[in-house]
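Comments concern the structure below.
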2 protein chains.
Amino acid sequence: MSKKEELLKIAENKVRQGGYNNFSFREIANEVGIKSASVHYHFPTKADLGAELAHQYTDAFLAALGDVDDIKARGENPIDIYTQIFKGALLTDDKMCLCGLLGAQNESLPEKVQVEVKRFFDKNLTWLHAAHTANGEANPAHAAITTVSLLEGAMMISKALNDHSYFTLATQ
Amino acid sequence: MSKKEELLKIAENKVRQGGYNNFSFREIANEVGIKSASVHYHFPTKADLGAELAHQYTDAFLAALGDVDDIKARGENPIDIYTQIFKGALLTDDKMCLCGLLGAQNESLPEKVQVEVKRFFDKNLTWLHAAHTANGEANPAHAAITTVSLLEGAMMISKALNDHSYFTLATQ
DNA sequence: AAACACCTACCTACCAAGTGATAGTTTATG
DNA sequence: CATAAACTATCACTTGGTAGGTAGGTGTTT
């Protein structure tokens with residue numbers, strides 16, 4: 001794992017705990033064993049780091065989701081898959097969704113980062129629209145926004161109450 | 001309106017835009033026309049300010065909700081009232097729910113603030129449990145967490161996508 | 001009435017620590 | 001030798017917080 005990848009991984013954990021302002025170049029540099037000035041070699045500005053973080057997070061999330069048609073071909077329900085991936089993110093890492101937290105504090109973010117957060121939700125809604133359509137939902141647009149809202153909200157409240165059982169209760 | 005109340009009002013707006021770190025004593029002091037050192041007279045530490053902010057927000061929110069029995073007695077649906085109050089907070093102020101944002105970044109908050117955020121959601125879930133029970137729901141605990149999750153999530157995504165129509169779509 | 005203590009709500013002046021960022025330099029690798 | 005990836009050293013600025021002072025009001029004692 002390259003220093004750059006390490007920096008992103010550490011920054012991701014910090015952002016998922018406390019938002020965009022919850023990490024500094026000095027902190028993440030210390031944790032990977034380099035100097036803060038060297039972080040600027042990999043990421044010219046903090047906004048660049050934040051944007052790349054959200055971009056890679058989105059790509060990894062979509063890759064984990066897979067293809068709606070493939071899921072249907074396997075005889076599985078894509079909405080169940082989607083829910084399980086959200087649940088995994090919360091239970092495995094005990095952390096919020098990166099783009100969920102960033103989305104909530106959207107107004108205070110550099111524009112570069114806002115664009116990537118928007119991309120995350122656009123892609124999620126597109127995927128969910130396809131999934132609900134494949135499921136024969138009458139109003140896939142409505143079902144899509146409802147699905148992602150419920151999951152992000154349940155995640156947020158589980159973190160606020162420090163009790164994952166609320167997520168389980170909301171999604172069963 | 002006293003200086004203290006002004007400070008809280010300005011801090012609230014900033015937190016609802018970008019979280020706990022999105023305001024400083026200097027900023028809010030400047031905006032009300034006093035010095036940052038004087039803010040410490042009203043709030044010994046930043047954590048005290050944050051905690052009082054969340055506490056007052058919760059009280060105001062509960063007051064706006066009113067009593068479940070009264071709502072039922074008027075022949076209205078308390079869940080509709082609850083939804084409308086959430087919608088009003090988003091549309092009127094164009095801002096996230098204060099405790100929603102704070103809840104998402106819970107891990108990075110001073111404990112004093114965490115306690116108040118927890119209080120917000122505990123009280124909300126209690127209110128919703130009573131509301132769904134009054135509505136004759138078979139599983140009021142499940143319905144309560146589902147209701148608040150959907151609304152908080154829809155709010156977050158509407159902010160992320162900078163388009164309130166997603167909130168409307170999710171709640172109709 | 002005058003003197004006193006006390007309180008509220010601010011002030012000035014300062015501090016140590018942390019912030020993102022820059023310029024220029026060195027070291028290791030292919 | 002060239003490039004990548006780090007370094008040292010420093011910058012201007014912001015952060016929460018503290019120490020101590022002060023003007024004006026209230027109340028209480030002499």
Side-chain angles (χ1 to χ4, degrees), chain A residues 1-56 101-102 105 107-116, chain B residues 1-56 101-102 105-117:
Chain A
M1 198 183 224
S2 70
K3 294 282 185 192
K4 183 173 179 176
E5 289 169 323
E6 282 185 63
L7 288 167
L8 283 171
K9 195 191 80 184
I10 291 170
E12 179 187 321
N13 278 326
K14 301 210 181 267
V15 174
R16 288 176 67 186
Q17 273 177 41
Y20 183 71
N21 301 308
N22 200 41
F23 78 97
S24 74
F25 274 34
R26 266 177 182 67
E27 271 184 320
I28 62 173
N30 282 344
E31 290 195 34
V32 309
I34 63 174
K35 297 294 167 182
S36 78
S38 307
V39 180
H40 287 279
Y41 170 77
H42 299 288
F43 309 99
T45 68
K46 188 176 178 178
D48 291 310
L49 196 164
E52 194 160 330
L53 193 58
H55 193 92
Q56 291 197 7
L101 218 174
L102 291 177
Q105 60 174 169
E107 285 180 78
S108 70
L109 298 178
E111 215 189 307
K112 273 185 179 180
V113 183
Q114 290 189 13
V115 168
E116 295 299 331
Chain B
M1 195 181 225
S2 70
K3 294 283 185 189
K4 183 173 179 177
E5 289 169 324
E6 282 185 63
L7 288 167
L8 283 171
K9 196 192 81 184
I10 291 170
E12 178 186 323
N13 278 326
K14 301 212 182 266
V15 173
R16 288 178 66 185
Q17 273 176 42
Y20 184 73
N21 301 308
N22 200 42
F23 78 97
S24 73
F25 273 34
R26 266 178 182 66
E27 269 184 322
I28 62 173
N30 282 344
E31 290 195 36
V32 310
I34 63 174
K35 298 295 167 180
S36 78
S38 307
V39 181
H40 287 279
Y41 170 76
H42 300 288
F43 310 99
T45 69
K46 188 176 179 179
D48 291 309
L49 197 163
E52 193 160 332
L53 194 57
H55 193 92
Q56 291 198 5
L101 219 175
L102 290 178
Q105 60 175 169
N106 200 45
E107 285 180 79
S108 71
L109 298 178
E111 215 189 308
K112 274 184 180 183
V113 184
Q114 291 188 13
V115 168
E116 294 300 330
V117 174

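Residue numbers start from 1 in every chain, and the chains themselves are labelled A, B, ... in the order their sequence lines are given, proteins ahead of strands. Remember, predicted model here, so these are calculated numbers, not experimental data.
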The residue among A:Asn13, A:Leu49, A:Leu8 that forms side chain to side chain contact (heavy atoms under 4.5 Å, CB included) with A:Ile28 is A:Leu49
According to salt bridge (charged side-chain N to carboxylate O under 4.0 Å, His left out), does anything in residues 15-31 of chain B pair up with another residue at least two apart or in another chain? List the pairs.
B:Glu12-B:Arg16, B:Lys14-B:Glu31, B:Arg16-B:Asp93
So which atom in [X] and which in [Y] form the shortest heavy-atom distance, rounded to 0.1 Å?
{"X": "B:Ala47", "Y": "B:Pro110", "value": "CB-CB, 3.7 Å"}
{"X": "B:Met1", "Y": "B:Glu6", "value": "O-OE2, 3.6 Å"}
{"X": "A:Leu7", "Y": "A:Val32", "value": "CD2-CG2, 3.7 Å"}

B:Asp48: what forms a side chain to side chain donor-acceptor pair (under 3.5 Å) with it, not counting sequence neighbours?
B:Thr45, B:Lys112
Got a sec, which residues hit side chain to side chain donor-acceptor pair (under 3.5 Å) with B:Lys46, two or more places apart in sequence or on another chain?
none
What's the NZ-P distance between B:Lys35 and D:dG16, to the nearest Å?
16 Å
Interatomic distance where NZ belongs to B:Lys14 and P belongs to D:dT15 [whole Å]:
10 Å
Please write out the pairs of protein N or O atoms and N or O atoms of nucleotides 24-26 of chain C separated by less than 3.5 Å, giving the distance to one decimal.
none

Should we say atom NZ of A:Lys3 is surrounded by more than 12 heavy atoms from elsewhere, each under 6.0 Å from it?
yes
With the threshold set at under 4.0 Å for non-hydrogen atoms, list the residues of [range] touching DNA chain D in residue-number order.
{"range": "residues 108-115 of chain B", "value": "none"}
{"range": "residues 38-51 of chain A", "value": "A:Ser38, A:Tyr41, A:His42"}
{"range": "residues 15-30 of chain B", "value": "B:Phe23, B:Ser24, B:Phe25, B:Arg26"}

Can you name the residues that form a side chain to side chain contact (heavy atoms under 4.5 Å, CB included) with [X], not counting sequence neighbours?
{"X": "A:Lys35", "answer": "A:Ser38"}
{"X": "B:Ala29", "answer": "B:Ile34, B:Ser36, B:Val39"}
{"X": "A:Gln17", "answer": "A:Asn22, A:Lys95, B:Glu107"}
{"X": "B:Lys4", "answer": "B:Ser2, B:His42, B:Phe43, B:Glu52"}

May I have all residue pairs that pass ring-ring contact (aromatic ring centres under 6.0 Å, His included) and include part of residues 4-41 of chain A, sequence neighbours excluded?
A:Phe25-A:His40
